[in-house]
Each structure stands twice: as structure tokens, then as C-alpha cells.
**Q** 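Quick one: structure below, then a few questions.
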Amino acid sequence: MLASRMADAANQLMPRLADMFSEVTYNMMTPTQAFNSVFGGPITINKTDQGCTIAQDCLAWVNIGVNTVNTTIQLNPHLLIHEVFHIFDLNILGGSPNTAVSRAQSNDNLPDRPNLAGPSRETWGLGGPNFSDWQKSRSGLASEELADMGIGWFYQFWGGGVAGSQRDSFMNSYMPLWVSAATINNEN
């Protein structure tokens, strides 16, 4: 399903870019092509009971030679999406997505979750409260909010009100750009 969402995002923007440059052609991507193009190949998931300090270190990503996923991550699909978005942001796009989140927050165009000492029922426009399926971090770092927004984008589920609409609009605007950039980067 993540592959389908990425293909939809790439196929939204890439034909328009190809139209702008007469020497460029674009064939619509299948979900498998989009996913493999973004991540440089499949993500392999094998169970391990080894503990991990940082969940991202436990996520299998074929390009960094790791092929195991901590059991906790494997059993929680929302957490898996959260961690895949960390890889997408930090490893594939060099942190530019979380920079865009930071900028939008500093311009008051996107809610800004503070660092939290404990659980909170506040959603900040995400699909549910802290440590529910919809928020996997208490951190106010833009990279953590982006990973939580990745869950909302994937499931197309947001909190109500203006904050939810802002997050939905942000992700629907940026994901076609980011997926297209990732596919172009991995082709070169």
C-alpha cells in the first residue's frame, strides 16, 4: 500500500515535469517501480529479538546492508510507517523534508508539537494522541513530526479542525515533490 501511495505521488508530478521539457518522456510508474525507485530496492523484513536504541537502526533497508526489523516494529504497522518515513527523510532526501516542516512551523502554517515530558491527549492535527497509532514520539523535533505525519499521509487519516487540515494539505502538497526528487536522485 505504501508503494501505491508513492506511485500516486510520483505520477501526479512527473508527467507535468516531462511536459515542460520536450526531450524528457515519462512513463507512469507502477507501485513496485515507485517504491524501488525511491528506496533503491525492496525493504527486506526479517524478525529479530535484538534490542535497538534507535528504532530506525532496526529497520531493514537493503541499501545500508541491514536486513532485520526489531519484533516491536514488525508487529506495529503504524510504527513501521513512522520508521520508513525517517529513512525517506534522512537517508533518501538528506533531511530536506524535516527542514520544510520546520519552515512551515516557523511561519505558523503548520502546528508545532512541543517536546513532551509525558503522555498527552493533544493531537496537534495528527490522527490521535501521543503514543497512539498516530503519534510515535513525544519529541517536538521536525523529523519526528514528519515521521508521524507520514502515518497520517499513508492512512489518509488526520485529526479534526484547522490543524488536521494543515497537516493533510502540507503532506499532499509536498509528497509528490519529495517522491519525484527521490526517484530522480536514485536514477542518477
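Every heavy atom of this structure was used, including side-chain atoms; hydrogens, water molecules and symmetry mates were not.
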**Q** Is the shortest heavy-atom distance from the side chain of Trp124 to the side chain of Arg167 under 4.5 Å?
**A**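 Yes, close enough: below the 4.5 Å cut-off.
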**Q** Any non-hydrogen side-chain atom of Met149 less than 4.5 Å from a side-chain atom of Phe85?
**A**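 Not in contact.
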**Q** Strictly by modelled atom types, are Glu145 and Gln105 linked by a side-chain donor-acceptor pair under 3.5 Å?
**A**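 Looking only at side-chain atoms, Gln105 and Glu145 do form a donor-acceptor pair, the distance falling under 3.5 Å.
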**Q** Where the side chain of Asn107 meets the backbone of Arg103, is there a donor-acceptor pair that is under 3.5 Å apart?
**A**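 Side chain of Asn107 to backbone of Arg103, a donor-acceptor pair under 3.5 Å: yes, one is there.
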**Q** Determine the minimum heavy-atom distance between Ala142 and Ser102, stating which atoms define it.
**A**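 Nearest heavy atoms, Ala142 then Ser102: CB-OG, 3.8 Å.
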**Q** Under the 3.5 angstrom rule, does the side chain of Gln33 hit a backbone N or O of Thr30 as a donor-acceptor pair?
**A**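 At least one qualifying donor-acceptor pair exists.
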**Q** Measure across Gly128 and Trp134 and return the closest heavy-atom pair with its distance rounded to 0.1 Å.
**A**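 Looks like N-CB, 3.2 Å.
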**Q** So how far is it from Phe170 CZ to Trp158 CH2, rounded to the nearest 0.5 Å?
**A**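 Reported value, rounded in 0.5 Å steps: 9.5 Å.
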**Q** Given side chains that start at C-beta, do those of Ser37 and Met29 come closer than 4.5 Å, heavy atoms only?
**A**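 In contact.
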**Q** Decide yes or no for Pro129 and Glu122: does some side-chain heavy atom of the first lie under 4.5 Å from some side-chain heavy atom of the second?
**A**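 Not touching, per the 4.5 Å side-chain cut-off.
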**Q** Rounded to the nearest 0.5 Å, what separation is found between the CZ atom of Arg5 and the CE atom of Met171?
**A**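 Arg5 CZ to Met171 CE: 9.0 Å, rounded to 0.5 Å.
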**Q** Quick check against the 3.5 Å criterion: does Ser169 have a side-chain atom that pairs as donor or acceptor with the backbone of Ser165?
**A**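 No.
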**Q** Quick one: do the Gln135 and His82 side chains pair a donor with an acceptor below 3.5 Å?
**A**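 No, no side-chain donor-acceptor contact under 3.5 Å.
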**Q** Going from OG on Ser96 to CH2 on Trp178, what distance comes out if it is rounded to the nearest 0.5 angstrom?
**A**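 Going from OG on Ser96 over to CH2 on Trp178, the span is 7.5 Å.
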**Q** Side chains of Arg138 and Glu144, heavy atoms from C-beta outward: is any pair under 4.5 Å?
**A**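 Arg138 vs Glu144: side chains apart.
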**Q** Would you find a donor on one side and an acceptor on the other, under 3.5 Å apart, between the side chain of Asp148 and the backbone of Lys136?
**A**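 Pair found, side chain donor or acceptor close to backbone of Lys136.
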**Q** Would you say the ring centers of Tyr155 and His78 fall short of 6.0 Å from each other?
**A**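 Between His78 and Tyr155, which both carry aromatic rings, the centre distance is below 6.0 Å.
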**Q** If only atom types and distance count, is the side chain of Asn115 paired as donor or acceptor with the main-chain N or O of Ser139 below 3.5 Å?
**A**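 No; judged by distance alone, with no hydrogens or angles, the pair does not exist.
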**Q** CZ/Phe88 to CZ/Phe39 distance, rounded to the nearest 0.5 angstrom?
**A**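 So the gap between those two atoms works out to 6.5 Å.
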**Q** Please report the shortest heavy-atom distance between Ala10 and Val179, naming the atom on each side.
**A**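 That closest heavy-atom pairing would be CB-CG1, 3.7 Å.
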**Q** Please examine the side chains of Tyr174 and Leu177, heavy atoms only from C-beta on, and report whether any two atoms are closer than 4.5 Å.
**A**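 They are in side-chain contact.
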**Q** Do Phe157 and Leu126 make a side-chain contact, defined as non-hydrogen atoms from C-beta onward lying under 4.5 Å apart?
**A**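 They are not in side-chain contact.
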**Q** side-chain contact (heavy atoms from CB on, under 4.5 Å), that's the test. Do Leu79 and Ile151 meet it? Break it down for me.
**A** CA-CA 8 Å; Leu79 182 56; Ile151 299 168; over 6 Å; no
**Q** Enter the distance from His86:NE2 to Ser143:OG here, rounded to the nearest 0.5 Å.
**A**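 The OG atom of Ser143 is 6.0 Å from NE2 of His86, to the nearest 0.5 Å.
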**Q** If you take all heavy atoms of Thr183 and Ala34, which pair is closest and at what distance?
**A**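 Nearest heavy atoms, Thr183 then Ala34: CG2-O, 4.4 Å.
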**Q** Say you draw a straight line from CG of Leu146 to CG of Asn98; how long is it, rounded to the nearest 0.5 Å?
**A**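 With rounding to 0.5 Å, CG (Leu146) is 6.5 Å from CG (Asn98).
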**Q** Does Met175 form a side-chain contact (heavy atoms from CB on, under 4.5 Å) with Asp8? I'd like the steps, not just the answer.
**A** CA-CA 10 Å; Met175 281 304 293; Asp8 290 345; over 6 Å; no
**Q** How close do Pro111 and Ala163 get, heavy atom to heavy atom, and via which atoms?
**A**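 Shortest heavy-atom contact: CG-CB, 3.5 Å.
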**Q** Is there a donor-acceptor contact under 3.5 Å from the side chain of Arg113 to the main chain of Thr123?
**A**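 Between the backbone of Thr123 and the side chain of Arg113 there is no qualifying donor-acceptor contact (under 3.5 Å).
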**Q** What pair of heavy atoms forms the shortest contact from Asp112 to Gly140, and how long is it?
**A**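 The answer is OD1-O, 4.2 Å.
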